[in-house]
Amino acid sequence: MKILIVDDHPLFLEGISMVIRQTISNTEVVEINNGAEALSYLQAHPDTALALIDLDMPKMSGFEFLEKLEELGLLIPAAILSATTNLYDVKRSLELGALGFISKTSDKSEMGNAIDSILAGDIYIPAGLEQQLEALIERESIGEENSLLIKAKELGITRRQLQVLQLLAQGYSNKKIADELHLTERTVKAHVSALFDTLNCSNRTECVLEADRLGLTNQGSDKQETFTLGDD
């Protein structure tokens, strides 16, 4: 089994190599000190079991390395190594496809467990950061929803109409929207009619297309908007 370590600090390369050899048997550890050479190596050795990438490297950061992996179609498990545990860095690493975020300050046992976890197919996040990361994602989600509400208000669309519009964009019928929002079907029809007038549309398709153009529908998201604000 091959494990690649990419880091521009010789002492760290030596240290983590030693940890891997001591904790994981039958492992060939490859040490490379720059991203470009590491990518070339991975293209030549697609059977590499894991790539451990330093986040802060000159010329090519760990983030850029992950993006290059995807561009090249290299389906090789990768994890980020970092001297810090900044939540935004953790979040971005996972969004770019990393299977873990390992702190360089981890002791031998913790680092070995992290690598074992990733090799087993799990996602590794430093202990104690899971709840903080979830809270960050939730805050950002709320921020996106508030942005939609502000944009809708500027166009003269009420909060309840925005709820209806989100479901309309998902292909819900008036009856299904009514059931989802606990409204009467007649009320939903009134909201849909108001949306047609506001967006200057004559049918549901035109309404959704115009709303999408205005950035009101969150198309492409797998998350259904469920604003819990009062009826307007």
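Predicted, not measured: the structure shown is a model, and the values here were computed from it.
The main-chain N or O of Val208 is never found under 3.5 Å from a side-chain atom of Asp212 such that the two would form a donor-acceptor pair. For the pair Glu64 (side chain) and Ser61 (backbone), a donor-acceptor distance under 3.5 Å is present. Looking only at distances, no side-chain donor or acceptor of Gln22 sits under 3.5 Å from a matching main-chain atom of Lys108. No donor-acceptor distance shorter than 3.5 angstrom exists from the side chain of Thr48 to the backbone of Pro46, with no hydrogens or angles considered. Side-chain atoms of Ser193 never come within 3.5 Å of backbone atoms of Lys189 as a donor-acceptor pair (strictly under, hydrogens ignored).
Note on Glu180 versus Lys176: no salt bridge recorded, every NZ/NE/NH1/NH2 to OD/OE distance being 4.0 Å or above. Using a cut-off of 4.0 Å between Lys/Arg side-chain N and Asp/Glu carboxylate O, Lys104 and Glu110 are scored as not salt-bridged. Ionic pairing of Arg213 and Glu210 is present here: one or more N-O contacts between side-chain nitrogen and carboxylate oxygen are shorter than 4.0 angstrom.
Taking both residues in full, the closest heavy atoms of Val19 and Gly112 are given as CG1-N, 4.4 Å, listed atom of the first, atom of the second, then distance. The minimum heavy-atom distance linking Leu94 with Gly100 is given by the pair CD2-N, 4.4 Å. Between Pro77 and Ala49 the shortest heavy-atom distance is CG-O, 3.4 Å. The two residues Ala211 and Leu199 make their nearest non-hydrogen contact at CB-CD1, 4.2 Å. Of all non-hydrogen atoms in Leu66 and Ala98, the two that sit nearest each other are CD1-CB, 4.0 Å. Closest approach of Tyr172 and Arg204 over heavy atoms only: O-NH2, 2.6 Å.
Note that the NZ atom of Lys153 and the NZ atom of Lys151 stand 16.0 Å from one another [nearest 0.5 Å]. The CD atom of Gln163 lies 11.0 Å from the CG atom of Leu165; values are rounded to the nearest 0.5 Å. Between atom CD of residue Glu206 and atom CG of residue Leu195 there is a gap of 13.5 Å, rounded to the nearest 0.5 Å. Ser82 contributes atom OG, which lies 6.0 Å from atom CG of Asp89 (distance to the nearest 0.5 angstrom). Residue Leu81 holds its CG atom at 9.5 Å from CG of Leu13, rounded to the nearest 0.5 Å. Here the CD1-CD1 distance, from Ile53 to Ile102, works out to 10.5 Å after rounding to the nearest 0.5 Å.
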Can you list the steps and then say if Ile3 with Val30 is a side-chain contact (heavy atoms from CB on, under 4.5 Å)?
CA-CA 6 Å; Ile3 293 182; Val30 180; over 6 Å; no

Let's go through Asn113 and Thr23 carefully: what are the C-alpha distance in whole Å and the side-chain angles of both, what is the deciding distance for side-chain contact (heavy atoms from CB on, under 4.5 Å) to 0.1 Å, and is it a yes or a no?
CA-CA 9 Å; Asn113 289 337; Thr23 58; over 6 Å; no

Could you walk me through whether Val192 and Val164 pass the side-chain contact (heavy atoms from CB on, under 4.5 Å) check?
CA-CA 7 Å; Val192 171; Val164 171; 3.9 Å; yes

Show, in sequence, the C-alpha distance, side-chain angles and deciding distance for Ile24 and Asp116, and conclude whether the side-chain contact (heavy atoms from CB on, under 4.5 Å) test is met.
CA-CA 8 Å; Ile24 304 175; Asp116 280 339; 3.8 Å; yes

What's the verdict on side chain to side chain donor-acceptor pair (under 3.5 Å) for Arg186 and Asn174, showing C-alpha distance, side-chain angles and the deciding distance?
CA-CA 9 Å; Arg186 181 177 180 180; Asn174 285 352; over 6 Å; no

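Remark: Asn200 CG is loosely packed, at most 12 non-hydrogen atoms of other residues, nucleotides or ligands lying under 6.0 Å away. In this structure, Glu185 places its CD atom where more than 12 heavy-atom neighbours from other residues, nucleotides or ligands lie under 6.0 Å away. Atom CG of Asp8 has more than 12 neighbouring heavy atoms from other residues, nucleotides or ligands inside a 6.0 Å radius.
With contacts defined as side-chain heavy-atom distances shorter than 4.5 Å, the pair Ser103/Thr84 does not qualify. Two residues are said to be in side-chain contact when any heavy atoms from C-beta on lie closer than 4.5 Å; Ile32 and Ile5 fail this criterion. For the pair Glu28 and Met1, the minimum side-chain heavy-atom distance is 4.5 Å or more. Within the 4.5 Å cutoff, the side chain of Val6 has no heavy atoms near those of the Asp54 side chain. Between Asp122 and Leu99 there is no side-chain heavy-atom pair separated by less than 4.5 Å. Between Ile125 and Phe101, every side-chain heavy-atom pair lies at or beyond the 4.5 Å cut-off. In this structure, the side chains of Val29 and Arg21 come closer than 4.5 Å at one or more pairs of heavy atoms. Annotation: side chain of Asn34 is not in contact with side chain of Met60 (no heavy-atom distance under 4.5 Å).
A single hydrophobic cluster is seen to contain both Leu69 and Leu72, as judged by linkage of ILVMFWY side chains at heavy-atom distances under 4.5 Å, directly or through other members. Under the 4.5 Å side-chain heavy-atom criterion for ILVMFWY residues, no single connected hydrophobic cluster contains both Leu162 and Leu209.
Sequence neighbours left out, the pairs with a member in residues 13-56 that pass ring-ring contact (aromatic ring centres under 6.0 Å, His included) are Tyr41-His45.
Because its NZ or CZ atom is not both nearer than 6.0 Å to the ring centre of Phe65 and within 45° of the ring axis, Lys68 does not count as a cation-pi partner of that residue.
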